[in-house]
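All residue numbers in this chain count up from 1 along the given sequence. One-based numbering, in listed order, for ligands and for the atoms of each.
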Amino acid sequence: MTALFISDLHLDDSRPHITSLFEHYLAGDEVRQADALYILGDLVEAWVGDDDDAKLPNRIARATTAVRDAGVPVYFIVGNRDFLLGETYAKRAGMTLIEDGAVHDLYGTPTLLMHGDVLCTDDVAYQQLRRQLRSPEWKAQVLAMPLEARRTLAAKARAESRSYTSGADETLMDVNADAVAQAMHNAGVTHLIHGHTHRPAIHHFQLDGQTAERIVLGDWYEQGSVLRVGPEGSQLRTISD
Ligand code: LP5
């Protein structure tokens with residue numbers, strides 16, 4: 001009995017070995033024998049819309065659909081790179097979209113599931129940008145643009161973000177402890193799993209007089225990062241081909 005968690009794969013044509021590692025992992029016994037596979041955002045480097053006719057979205061959909069067809073549900077929370085991924089693609093890829101902040105029961109433990117960007121409240125510039133990009137009006141306006149224009153815009157946004165993050169204070173880009181405590185308190189949980197910060201770790205701390213746990217998933221830039229959760233506990237590890 002195992003639920004598997006991955007995030008921050010940032011799949012992109014510039015890192016073909018990571019796409020192959022993803023496909024290989026999803027085709028393997030660990031995934032095919034799991035109770036569920038959760039993808040907590042940033043599956044791709046930049047998602048420009050469900051109508052993207054590039055090869056990568058098709059490869060991903062083939063891999064995830066095969067998991068679903070093997071009887072393993074695939075749950076997906078959008079991240080800051082793929083917040084434009086919608087129901088059309090999710091259906092095609094055999095994935096079930098769930099809310100950022102959903103609580104799922106994992107072997108008797110209610111667990112809060114997030115991408116994690118919303119917890120980085122010290123990063124005021126990012127939170128302002130996030131509010132703008134997640135508004136239904138902005139999304140509708142952008143999705144009405146021609147595909148090629150969206151690709152150009154995404155590339156510009158990536159370049160600007162790279163420039164911003166390379167100069168930003170490291171602590172600014174981590175989660176804020178009060179925001180974590182508030183989110184967990186509001187959800188009524190003592191367990192949280194998220195990605196986004198690329199700082200894989202299992203943190204234990206006190207919350208409302210109880211021991212709480214926050215698990216941070218790792219990114220897939222150089223190798224894979226996988227969290228296994230079962231009735232006996234959690235194991236966070238890296239994988240490679
Ligand atoms: O992503 P990462 O790790 O580099 O940094 C994030 C925050 N940045 C972002 C911006 C995204 O990277 C932009 C790419 C989105 C691609 C998909 C959208 C496609 C839509 C376009 C199709 C039409 O999320 C960064 C945080 C960091 O995490 C850590 O938490 O610090 O925040 C910033 O970079 C804040 C800056 O103020 C952002 C300034 C540049 C963004 C300009 C966006 C203009 C809008 C264009 C459309 C996306």
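For atom 1 (O) of ligand 1, the closest non-hydrogen atom of the protein is R81 NE, 2.6 Å. The protein atom (non-hydrogen) at minimum distance from atom 42 (C) of ligand 1 is E160 OE1, 3.8 Å. Here the protein heavy atom with the shortest distance to atom 46 (C) of ligand 1 is A157 CB, 3.9 Å. The protein atom (non-hydrogen) at minimum distance from atom 6 (C) of ligand 1 is N80 ND2, 3.4 Å. Taking atom 32 (O) of ligand 1 as the reference point, the nearest protein heavy-atom neighbour is Y126 CD1, 3.3 Å. Of the protein's heavy atoms, A125 CB, 3.8 Å lies nearest to atom 37 (O) of ligand 1. Protein heavy atom closest to atom 45 (C) of ligand 1, with residue, atom name and distance, is L133 CD2, 4.1 Å. At the top of the distance list for atom 16 (C) of ligand 1, counting protein heavy atoms only, stands A46 CB, 3.7 Å.
Using modelled atom types and a 3.5 Å distance limit, the side chains of H196 and N80 yield a donor-acceptor pair.
Counting atoms of ligand 1 from 1 in the listed order, those under 4.0 Å from a heavy atom of W138 are 47 (C). Against a heavy-atom cut-off of under 4.0 Å, L129 is close to the following atoms of ligand 1: 38 (C), 41 (C), 43 (C).
The one candidate from V226, L236, T111, L106 that meets the side chain to side chain contact (heavy atoms under 4.5 Å, CB included) condition with F5 is L106.
V142 counts as a contact of ligand 1, since one of its heavy atoms falls under 4.0 Å from the ligand. Under the 4.0 angstrom criterion for non-hydrogen atoms, H196 is in contact with ligand 1. Using a non-hydrogen distance threshold of 4.0 Å, R162 does not register as a contact of ligand 1.
For the pair T165 and ligand 1, the shortest N or O to N or O distance does not fall below 3.5 Å. Considering both main-chain and side-chain atoms, E45 never comes within under 3.5 Å of ligand 1 through any nitrogen or oxygen pair.
Ring-centre distance between Y38 and H104: below the 6.0 Å cut-off.
With respect to R134 and D100, no salt bridge is recorded, no charged nitrogen being found less than 4.0 Å from a carboxylate O.
At a heavy-atom cutoff of 4.0 Å, ligand 1 is contacted by the side chain of L84 but not by its backbone.
Every residue meeting the side-chain hydrogen bond (donor to acceptor under 3.5 Å, both in side chains) condition with E148, not counting sequence neighbours, appears here in chain and number order: R151.
Not one N or O on the side chain of Y221 forms a donor-acceptor pair closer than 3.5 Å with the backbone of H10. Under the 3.5 Å distance criterion, the side-chain polar atoms of R228 are left unmatched by any main-chain donor or acceptor of A3.
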Checklist entry - Between R150 and D51, is a salt bridge (charged side-chain N to carboxylate O under 4.0 Å, His left out) present by the stated rule, with each step listed? => result CA-CA 11 Å; R150 277 179 268 154; D51 57 340; 2.8 Å; yes

Next on the checklist: Pair D123, Q127 - check side chain to side chain donor-acceptor pair (under 3.5 Å), show working.
Outcome noted: CA-CA 6 Å; D123 195 346; Q127 295 301 334; over 6 Å; no

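Summarising the local packing, NE2 of H203 is surrounded by more than 12 heavy atoms from other residues, nucleotides or ligands at distances under 6.0 Å.
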